[in-house]
Amino acid sequence: MRFTQASTKYGIPKGTLYDNILGKSKRMMVLEEAGLNSNEETAVLEFCCDISISPYNRRTKKSLNVILNFVEKLRRKRDPGFVFTGLSGFRWWWAFCKKHSIVSLYFNDENENE
């Protein structure tokens, strides 16, 4: 049974199911794998969100691809070989959004400049 199906059938929020089955700490450990320090995390927030106007329920108008490229460039200053592989970038973004209360992501990057 999928998480969504179990959530609907038993009336349990999907997030609770994820936390109990996957382990909340495991889902957030991806932040440590990316290894951003506090200054780098602030730089990412400033890059993707207008934190001075909306410190809570932050929104971004940057695509996931542009954000991940920005993070990779930051990390390569300390670790030239750093790269997100497979789903690691998406997982990192999910955890980063949870940690910093980012509630939405802009998906269309067809004409977006870095």
Restricting to non-hydrogen atoms, name the atom on [X] and the atom on [Y] that form the minimum distance, rounded to 0.1 Å.
{"X": "Cys49", "Y": "Thr60", "result": "SG-CB, 4.2 Å"}
{"X": "Phe70", "Y": "Ala43", "result": "CE2-O, 3.7 Å"}
{"X": "Phe47", "Y": "Ile67", "result": "CE2-CA, 4.2 Å"}
{"X": "Leu68", "Y": "Gly89", "result": "CD2-O, 3.5 Å"}

Would you list the pairs meeting salt bridge (Lys or Arg N to Asp or Glu O under 4.0 Å) in which at least one residue belongs to residues 30-42, sequence neighbours left out?
Glu40-Arg78, Glu41-Lys99
Is there a side-chain contact between Trp93 and Ile102 (heavy atoms, below 4.5 Å)?
yes
According to side-chain hydrogen bond (donor to acceptor under 3.5 Å, both in side chains), who are the partners of Lys98, at least two apart in sequence or on a separate chain?
none
Measuring from Asn69:CG to Leu64:CG, what's the distance to the nearest 0.5 Å?
9.5 Å
How long is the gap from NZ on Lys62 to SG on Cys48, to the nearest 0.5 Å?
8.5 Å
Counterpart residues, side chain to side chain contact (heavy atoms under 4.5 Å, CB included), relative to Thr85 (two or more places apart):
Val83, Ser88
With sequence neighbours excluded, residues passing side chain to side chain contact (heavy atoms under 4.5 Å, CB included) with Asp79
Arg75, Phe82
Mind checking what makes ring pair (Phe, Tyr, Trp, His ring centres under 6.0 Å) contact with Trp92, not counting sequence neighbours?
Phe84, Phe96
